[in-house]
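Contents: one structure, followed by commentary.
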Amino acid sequence: MDILIQMKRSEMDNSARIYNIPLPSQKNKNTKKELIAIISTFFCLGLISYLSYDWFYYQKNHIETNNAYVESDVYHVQSRIMGYVKSILVNEQENVIDGYELLQLDTSDLQLEKSVKEMKLKKTRIDYDRAKKLLQTELISKSDFENFETIKQLAEVDYQVSMTKEKYMKVISPVSGVIAKIYVKPGQFIQPGQNLFTIINNNDFWVKANYKETQIKSIFPGQKVKIEIDAFPGISFIGNVIGIYPSSGAVTSLIPPENATGNFTKIVQRVPVKISIQKKNGYIFRTGMSALTSIDIESKK
């Protein structure tokens, strides 16, 4: 009996091979492969559709620009009086605090001037006291006494000017920050208003992003912003729109363009947008770093 069953099975296998008839086991394998292929196809199509929708949705509700840079407050420290630089008490890249002494001027000439004015002040006070006694005895007129009083007041003011100059012989830091640049050396003669130091506030940074004028209509203070700094690849920072500048960058440039010419070409202008940086997560920013910003125009308006 077993021999007959085996013979029948061998005959069926031979006939299947001759006429290319799939066996039951092969049918099951083919069905599984086809099912896996169909599922994989639908999964890929679904993934592509989702990614396409997500991309189009993101592009619709976000506007971005890579014309953006990290900024902070920059202070140019100047002297209020002229004089020779005696000593510089700080170095570049050094951290300073508000009220820190940066520079000293040579006070030798001022001390001599102060001594002369002090002697004049003493002399005018003595003359004033003598004139006051003479007025009481009516040996001088009231107008003469007023002249002595005026001379005394002028001497006092003149002396106070020298005292004020003495305070300004020391250049003090107006803010806390980092010394970015020193423009003078010891022994150099400086004038009032001349730049001596550049101090950068390293505690408060923001991003200045230059968006196209056609995008400004969709930007409002308070909107969320995704910030990427070129110096920190793969890291995203969160910020908010603080405000929009009142003019384009071309208007406030050193040499504004003159468009009233025969070779005029229309160019889309850029309007700066100020963006805060909420969490720095310990990263050290530098003024002027390049950034990429993406504003969520559907967020808080």
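Numbers for residues simply follow the sequence, beginning at 1.
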> side-chain contact (heavy atoms from CB on, under 4.5 Å) between L154 and T150: does it pass, once the steps are laid out?
Replying inline: CA-CA 6 Å; L154 290 174; T150 302; 4.2 Å; yes
> Going through the distances and angles, do N66 and D230 end up as a side-chain contact (heavy atoms from CB on, under 4.5 Å)?
Replying inline: CA-CA 10 Å; N66 58 1; D230 291 359; over 6 Å; no
> Yes or no on side-chain contact (heavy atoms from CB on, under 4.5 Å) for K165 and E113, after CA distance, side-chain angles and deciding distance?
Replying inline: CA-CA 11 Å; K165 282 184 180 181; E113 176 186 329; 3.7 Å; yes
>> One pair to check against salt bridge (charged side-chain N to carboxylate O under 4.0 Å, His left out): E156 and R125. What are the steps and the verdict?
In response: CA-CA 9 Å; E156 289 176 347; R125 284 176 176 174; 3.8 Å; yes
> Between K123 and D127, does a salt bridge (charged side-chain N to carboxylate O under 4.0 Å, His left out) hold up when you go through it step by step?
Replying inline: CA-CA 6 Å; K123 178 65 170 60; D127 292 341; 2.7 Å; yes
>> side-chain contact (heavy atoms from CB on, under 4.5 Å), that's the test. Do E166 and Q111 meet it? Break it down for me.
In response: CA-CA 8 Å; E166 190 174 21; Q111 292 300 328; 3.2 Å; yes
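Once rounded to the nearest 0.5 Å, the distance linking CE of M289 with CZ of F232 reads 4.5 Å. To the nearest 0.5 angstrom, D73 atom CG is 10.5 Å from N203 atom CG. Annotation: the span from Y159 atom OH to T164 atom OG1 amounts to 11.0 Å, rounded to 0.5 Å. Rounding to the nearest 0.5 Å places NZ of K152 at 9.0 Å from NZ of K132. Taking CD from E118 and NZ from K122, the interatomic distance works out to 5.0 Å, rounded to the nearest 0.5 Å. Between the NE2 atom in H76 and the OG1 atom in T198 there is a gap of 5.0 Å [rounded to 0.5 Å].
Closest non-hydrogen pair, T124 versus A155, comes out as OG1-CB, 3.5 Å. For I219 against Q223, the heavy-atom pair with the smallest separation is CA-OE1, 3.3 Å. Between K208 and P272, the shortest heavy-atom contact is CE-CB, 3.5 Å. Considering all non-hydrogen atoms of both residues, I227 and A291 come closest at CG2-CB, 4.5 Å. Nearest heavy atoms, S176 versus N201: O-OD1, 3.8 Å. The minimum heavy-atom distance between G239 and Q278, with the atom names listed, is CA-CG, 3.9 Å.
Residues I277 and Y211 share a single hydrophobic cluster, defined by chaining ILVMFWY side chains whose heavy atoms lie under 4.5 Å apart. I297 and I275 fall within the same hydrophobic cluster, where Ile, Leu, Val, Met, Phe, Trp and Tyr residues are linked whenever their side-chain heavy atoms come under 4.5 Å apart, directly or through other members. No path of Ile, Leu, Val, Met, Phe, Trp and Tyr side chains, each step under 4.5 Å between heavy atoms, connects V273 with L292, placing them in separate hydrophobic clusters.
Dense packing is recorded around NZ of K114, with more than 12 heavy atoms of other residues, nucleotides or ligands lying under 6.0 Å away. Atom NZ of K117 is surrounded by more than 12 heavy atoms from other residues, nucleotides or ligands within 6.0 Å.
In terms of modelled atom types and a separation under 3.5 Å, the side chain of Q104 and the main chain of K86 share no donor-acceptor contact. A donor-acceptor contact shorter than 3.5 Å is absent between the side chain of E101 and the backbone of G99. Within the 3.5 Å criterion, the main-chain N or O of N240 finds a donor-acceptor partner in the side chain of S276.
Members clustered with L112: none, using a 4.5 Å side-chain heavy-atom cutoff among hydrophobic residues. In the hydrophobic clustering, where aliphatic and aromatic side chains (Ile, Leu, Val, Met, Phe, Trp, Tyr) are joined below 4.5 Å either directly or transitively, F189 groups with M82, Y84. Within the hydrophobic cluster formed by Ile, Leu, Val, Met, Phe, Trp and Tyr side chains joined at under 4.5 Å, directly or through other members, V268 stands alone, with no partner residue. Chaining together hydrophobic side chains whose heavy atoms lie under 4.5 Å apart places L103 alongside Y75, V77, I81, V85, I88, V90, V96, I97, Y100, L102, L105, L110, Y168, M169, V171, V175, I179, I182, V184, I190, L196, F197, I199.
Side-chain contact check for N67 and T65: no donor-acceptor pair (N or O, by modelled atom type) lies under 3.5 Å. Residues N195 and Q78 have side chains that bring a donor and an acceptor to within less than 3.5 angstrom of each other.
The ring pair (Phe, Tyr, Trp, His ring centres under 6.0 Å) pairs that include a residue from residues 128-152 are Y128-F145, where partners are two or more places apart or lie in different chains.
Side-chain contact between E228 and E64 is absent, with no heavy-atom pair separated by less than 4.5 Å.
In this structure, F237 and Y283 have perpendicular ring planes: the angle between them is above 60°, well past the 30° mark. Below 30°, between 30° and 60°, or above 60°: for F205 and F285 the angle between ring planes is between 30° and 60°, a tilted geometry.
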Using residues 241-249 as the side-chain source, report each donor-acceptor pair under 3.5 Å to any protein atom, sequence neighbours left out, with the distance given to one decimal.
none

